[in-house]
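In this chain, numbering begins with 1 at the start of the sequence shown.
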Amino acid sequence: MPPVQAELAVPAGGPPTTDAVPIRPAGTLAGALLRLARPGQWPKNVLVVSVPLLDPQSWQRGALTNLVWAVTAFILTSVLVYVVNDLIDRRRDAANPARRHRPLASGRISPRVAVLFAAVVAVSLGGVLTHFTPATAWPVAAYLVLNLGYCLGLKHVPLLDVFLIASGFALRLIQGYLATDTTVSGWLLTAVFTLCLLLTLGKRRQELRTSGGVHRPALRGYTVPLTDQLMQLSAALTAGSYLLYLRDEAPLAGYASVAAVLLTPLAIFGLFRYLQLVLVHDAGENPVRIVVRDPVMVANAALWATLSGVLLIAARGAG
């Protein structure tokens with residue numbers, strides 16, 4: 001994603017015409033605000049912003065502190081966008097059986113409270129950004145602008161919607177490099193971007209399979225065969241970019257050849273497994289759930305991470 005995962009369903013007759021969503025008290029206000037902030041989506045900020053830790057040069061106390069501030073900034077920015085998105089689409093959400101229980105759609109939080117919450121988040125974000133210079137904070141600003149445009153209508157433009165989501169992840173990665181004062185890896189950035197395209201297209205495919213594209217206007221520009229072809233292209237680009245990263249840019253010193261032999265099969269297997277789950281088992285609706293719950297994906301990722309860590313430590317020791 002931009003982070004906004006919630007373009008919301010509308011019944012065939014269109015969104016409700018009422019101006020207010022009925023209040024349905026349930027749970028505490030604090031719990032509703034926490035749900036509005038979507039903490040389940042925060043780990044992707046930690047993972048992507050922290051990718052520069054693959055470079056041993058970033059293993060310094062100052063760089064790690066800056067990385068914590070970068071992760072915090074992106075978490076707050078994504079929360080701000082989630083709130084804005086849900087404010088804009090609250091009536092559309094209320095008509096969607098899968099999303100009508102969201103805090104704003106269900107009436108557990110009023111629009112006024114949501115606006116106040118967004119203001120608090122924005123002020124907190126401003127405080128965090130004081131730890132950056134304009135030259136190192138621009139990915140956060142660009143991410144916020146892209147996502148606000150996404151919420152306000154760009155999410156309804158086919159193809160552009162998935163590119164904006166993938167761009168959000170690329171901006172996270174760039175922020176991580178700026179925070180650790182390390183050189184941006186062009187091939188790794190490309191691999192992350194195309195991998196996010198793959199995951200987002202898998203979600204679009206599953207939405208087409210389950211709803212026929214009724215609830216999301218952008219889906220009118222997709223078909224299942226098209227998403228299948230675009231996913232295969234994205235997977236090929238991801239694999240190729242990752243191979244070039246290992247060969248040309250990975251901080252592996254004399255271990256680049258060993259890394260190519262050991263890590264490439266695991267990376268390609270992970271892509272194959274994802275394609276299998278989506279194209280054969282129709283499991284693309286929640287990419288994060290696939291990655292963390294499929295035993296094969298988890299085992300493959302754990303082995304890849306372990307070998308990558310060993311090789312990076314060995315390369316640092318050799319250097």
Side-chain angles (χ1 to χ4, degrees), residues 1-7 35 38-51 53-54 71 75 78 98-99 161-162 165-166 168-170 172-173 188 190-211 216 219 222 224-243 245-246 259-312:
M1 308 138 260
V4 178
Q5 304 295 327
E7 300 92 334
R35 186 178 179 189
R38 303 187 201 177
Q41 300 294 333
W42 297 357
K44 64 190 178 186
N45 294 299
V46 178
L47 291 173
V48 181
V49 177
S50 300
V51 164
L53 290 178
L54 292 173
V71 170
I75 288 176
S78 63
R99 305 183 191 273
D161 62 329
V162 297
I165 293 174
F169 284 93
R172 286 178 173 94
L173 178 57
L188 186 58
T190 303
V192 169
F193 180 81
T194 54
L195 176 61
C196 293
L197 282 178
L198 171 64
L199 299 177
T200 308
L201 287 164
K203 183 177 180 181
R204 293 291 184 268
R205 181 187 190 276
Q206 185 61 20
E207 290 169 340
L208 283 169
R209 295 274 295 175
T210 56
S211 70
R216 189 193 298 273
L219 290 178
Y222 297 95
V224 171
L226 175 62
T227 56
D228 290 350
Q229 294 180 32
L230 295 178
M231 286 177 63
Q232 293 167 34
L233 175 60
S234 298
L237 291 172
T238 300
S241 301
Y242 181 67
L243 290 175
Y245 164 72
L246 290 179
V261 172
L262 295 179
L263 300 180
T264 300
L266 295 174
I268 294 176
F269 179 83
L271 293 171
F272 281 10
R273 176 60 176 171
Y274 177 76
L275 290 173
Q276 181 187 50
L277 290 171
V278 175
L279 302 181
V280 178
H281 301 290
D282 290 330
E285 184 173 359
N286 191 329
V288 175
R289 186 175 300 170
I290 290 177
V291 173
V292 301
R293 292 190 181 183
D294 177 63
V296 177
M297 290 285 284
V298 171
N300 185 71
L303 182 57
W304 173 86
T306 300
L307 290 175
S308 297
V310 170
L311 290 169
L312 286 169

For this session: Please name the pair of heavy atoms, one in A260 and one in L246, separated by the smallest distance, quoted to 0.1 Å.
Result: CA-CD1, 4.1 Å
For this session: Please list, chain by chain and in numerical order, all residues satisfying side-chain contact (heavy atoms from CB on, under 4.5 Å) with L47, sequence neighbours excluded.
Result: none
Exercise. Looking at S78 and N45, what are the two nearest heavy atoms and their distance?
Worked result: OG-ND2, 3.7 Å
Exercise. Is there a donor-acceptor contact under 3.5 Å from the side chain of N300 to the main chain of L266?
Worked result: yes
For this session: Enumerate the residue pairs fulfilling salt bridge (Lys or Arg N to Asp or Glu O under 4.0 Å) with a member in residues 260-276, sequence neighbours excluded, ordered by first and then second residue.
Result: R273-D294
Problem set entry | Any residue meeting side-chain contact (heavy atoms from CB on, under 4.5 Å) with R293, in chain and number order, not counting sequence neighbours | R289
Exercise. Do you know which two heavy atoms are closest between L208 and L219, and how far apart they sit?
Worked result: CD2-O, 3.8 Å
Exercise. Under 3.5 Å, side chain of T194 to main-chain N/O of A191, donor-acceptor pair present?
Worked result: yes
For this session: Report yes if some heavy atom in the side chain of L312 is under 4.5 Å from a heavy atom in the side chain of L54; otherwise report no.
Result: yes
Exercise. So, T238 side chain and L195 main chain: donor-acceptor pair closer than 3.5 Å or not?
Worked result: yes
For this session: Specify the closest pair of heavy atoms between R205 and V278, including all atoms of both residues, with the distance to one decimal.
Result: NH1-O, 3.1 Å
Exercise. Quick one: side chain to side chain donor-acceptor pair (under 3.5 Å) partners of S241, sequence neighbours excluded?
Worked result: none
Exercise. With L262, which residues qualify under side-chain contact (heavy atoms from CB on, under 4.5 Å), at least two apart?
Worked result: V258, L307
Exercise. For R209, which residues count as a salt bridge (charged side-chain N to carboxylate O under 4.0 Å, His left out) partner, sequence neighbours excluded?
Worked result: D282
Problem set entry | ring pair (Phe, Tyr, Trp, His ring centres under 6.0 Å) involving Y245 - partner list, sequence neighbours excluded | none
Exercise. For T227, which residues count as a side chain to side chain donor-acceptor pair (under 3.5 Å) partner, sequence neighbours excluded?
Worked result: none
Seminar exercise, completed: What one should report as the nearest heavy-atom pair of K44 and F169 is CD-CZ, 3.8 Å
Problem set entry | side chain to side chain contact (heavy atoms under 4.5 Å, CB included) between V192 and R172, worked out | CA-CA 10 Å; V192 169; R172 286 178 173 94; over 6 Å; no
Problem set entry | Value rounded to 0.5 Å, distance of OG1 in T200 from CG in D161 | 8.5 Å
Exercise. Does a side-chain heavy-atom distance below 4.5 Å link F269 with L303?
Worked result: no
For this session: Taking side chain to side chain donor-acceptor pair (under 3.5 Å) as the test, write out the residues that go with Y242, two or more places apart.
Result: W304
Problem set entry | From Y274 atom OH to L279 atom CG, the distance as rounded to the nearest 0.5 Å | 9.0 Å
For this session: Might you work through the side chain to side chain contact (heavy atoms under 4.5 Å, CB included) test for F193 and L173, ending with a clear yes or no?
Result: CA-CA 10 Å; F193 180 81; L173 178 57; over 6 Å; no
Exercise. Could you give the distance from CD (Q206) to CG (L201), rounded to the nearest 0.5 Å?
Worked result: 13.5 Å
Exercise. How would you list, by chain and number, every residue that makes a side-chain contact (heavy atoms from CB on, under 4.5 Å) with A301, sequence neighbours excluded?
Worked result: none
Problem set entry | Heavy-atom closest contact (L198 atom, M231 atom, distance) | CD1-O, 3.4 Å
For this session: Carefully, step by step, assess V162 and L230 under the rule side chain to side chain contact (heavy atoms under 4.5 Å, CB included).
Result: CA-CA 11 Å; V162 297; L230 295 178; over 6 Å; no
Exercise. Considering residues at least two apart in sequence or located in another chain, which fulfil the side chain to side chain donor-acceptor pair (under 3.5 Å) criterion with N286?
Worked result: none
